[in-house]
Number of protein chains: 2
Amino acid sequence: MQKSQIGRPRAFDAEAALEKAMMIFWAQGYEGASLTDLTEAMGISRKSLYAAYGNKEDLFRKALQRYEEGPGAYVAEALQAPTAREVAMAFLAGSARANTLPGLPAGCLGVQGALAAGEAGQVARETLTKWRAHGQALLRDRFRQAVQVGDLPVGADPEKIARYVMTIANGVAVQAAGGATCEDLQHVVDAALQNWPPA
Amino acid sequence: MQKSQIGRPRAFDAEAALEKAMMIFWAQGYEGASLTDLTEAMGISRKSLYAAYGNKEDLFRKALQRYEEGPGAYVAEALQAPTAREVAMAFLAGSARANTLPGLPAGCLGVQGALAAGEAGQVARETLTKWRAHGQALLRDRFRQAVQVGDLPVGADPEKIARYVMTIANGVAVQAAGGATCEDLQHVVDAALQNWPPA
DNA sequence: AAACTTCTGCACCGATCAGTGCAGAATGCG
DNA sequence: CGCATTCTGCACTGATCGGTGCAGAAGTTT
């Protein structure tokens, strides 16, 4: 749709500002990103934000779309790979890379975007991160012990095995939140443990 | 520490009330659970809550501990299994079951607890859930096509393979948020793809 | 029964939230 | 130039947040 060119033109770059908004949502989550946080990062006023993007929800949706085209572009790329296995490899390697890019928020906007860390929630967030790390440490210690008694081969790395197992469990939690059934998830778990130990 | 028995005793069951609080945090996340939500579910007044548990953060920590002893007890149990492989199997099967128990919130408090869904955030939460499901559908369609061209065996289930791959990716996102490096995650991904297709 | 302690319910606090009204400045078109 | 239109900045709204002060009720101990 063509916009009439009458009136004062907007004084900021809408695309660049959206990029900034995406970063804030990515790092702080939807509710954790206050309008003040957003407008300060975007360098525009509240009124300009509402005029240009609608409301906060609309802005979030547009930021998510932008994420898909930017840091999340590896998904579309991976889907183009010639074989199913290469699709899976490209997709997962891309997610490992995109979720840990230096200078960008860690994790995936699609998973973390609903996280809230607006000062108040930050403590809870850290508490949970530590809690998950603790659980992973328990697994690692257990696997370390398994190596000592010969239950796992001497070359096995307890740290990596623990991370592998915990990553599956974390994924299971996200899937469950999205509505997957126990049966669905049991299949995933069975598949994940078919090669053991995970080299 | 012994509490002196002077004065009016509390008129509610502190353990039962904590259980209710855990459910609210589990379903709505830390920030999404307002004091009003909590006190209504627990059936006590604000003042009683503060007197009995400290503040909201303390209550959350106690609820997390309660979760560990209740729905999360499968972790401690799994760690007792005789072999490393059985530990991993019990742990993951337990997570699949505990994350999908009927009548309880879906997912894991340790992962979802930082999610916010206080009315305002609920729309964002649904948006993201749909977004992840969409990505998974793209993978499924791609694998379906792979079956048709013989790239995947005829018996392969594209839906299950897509869920497997997406579960790993979800787990990777949580791990990255917890500080895992790209190298760490690449190892996980490599291990997850060692058996292909994941039967 | 008296004294003492701690309970409960309600109103209230300052802070912050998303979103808006208003006034004035700035630009494009005729 | 001057009009029309849309921009920007600021103050403000009603609602909600976590947390608290107060007053009176209730139960335990002596």
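Here is the naming used below: chain letters follow the sequence lines, and residue numbers restart at 1 for every chain.
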Between [atom2] on [N] and [atom1] on [X], what's the gap in Å once rounded to a whole number?
X	N	atom1	atom2	value
B/F60	D/dG18	CZ	C1'	16 Å
B/M42	C/dC7	CE	P	14 Å
B/Y53	D/dG19	OH	P	16 Å
B/Y50	D/dG21	OH	C1'	14 Å
B/F12	C/dG9	CZ	C1'	14 Å
A/L38	C/dA18	CG	P	8 Å
A/E57	C/dA18	CD	P	12 Å

Using a 6.0 Å cut-off, check whether atom CD of A/E86 has over 12 heavy atoms from anything other than its own residue.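 Result for CD/A/E86: enclosed.
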
Are more than 12 heavy atoms, taken from residues, nucleotides or ligands other than B/K62, located less than 6.0 Å from that residue's NZ atom?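 Yes.
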
Distance-only check: which donor-acceptor pairs under 3.5 Å involve side-chain atoms of residues 185-193 of chain A, not counting sequence neighbours?
residue, atom, partner, partner atom, Å
A/Q186, NE2, A/D190, OD1, 3.1
A/H187, ND1, A/E183, O, 3.4

Sub-3.5 Å pairs of nitrogen or oxygen atoms, protein against nucleotides 12-17 of chain D:
none

Non-hydrogen side-chain atoms of A/Y50 and A/L35 separated by less than 4.5 Å: yes

Taking atom types as modelled, is there a side-chain donor on A/S34 or A/D37 under 3.5 Å from an acceptor on the other? yes

B/V147 vs B/F143, side-chain contact (heavy atoms from CB on, under 4.5 Å): CA-CA, chis, key distance, verdict: CA-CA 6 Å; B/V147 170; B/F143 292 143; 5.8 Å; no

For A/P105, all residues meeting side-chain contact (heavy atoms from CB on, under 4.5 Å), sequence neighbours excluded: A/M23, A/W26, A/A27

Please name all residues satisfying side-chain contact (heavy atoms from CB on, under 4.5 Å) with A/D151, sequence neighbours left out, ordered by chain then number.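 If we apply the side-chain contact (heavy atoms from CB on, under 4.5 Å) test to A/D151, skipping adjacent residues, the hits are A/A146, A/V149, B/T83, B/A84.
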
As a test of reading the structure: which of D/dT20, D/dT8, C/dT20 is closest to the side chain of A/S48, going by heavy atoms?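 The nucleotide sitting nearest to the side chain is D/dT8.
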
Which nucleotide wins on minimum distance to the side chain of A/K47, given the candidates D/dG18, C/dG21, D/dC22?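 For the A/K47 side chain, the nearest candidate turns out to be C/dG21.
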
What residues in residues 13-23 of chain B put a non-hydrogen atom under 4.0 Å from any atom of DNA chain D? none

Quick one: salt bridge (Lys or Arg N to Asp or Glu O under 4.0 Å) partners of A/E15, sequence neighbours excluded? A/R66

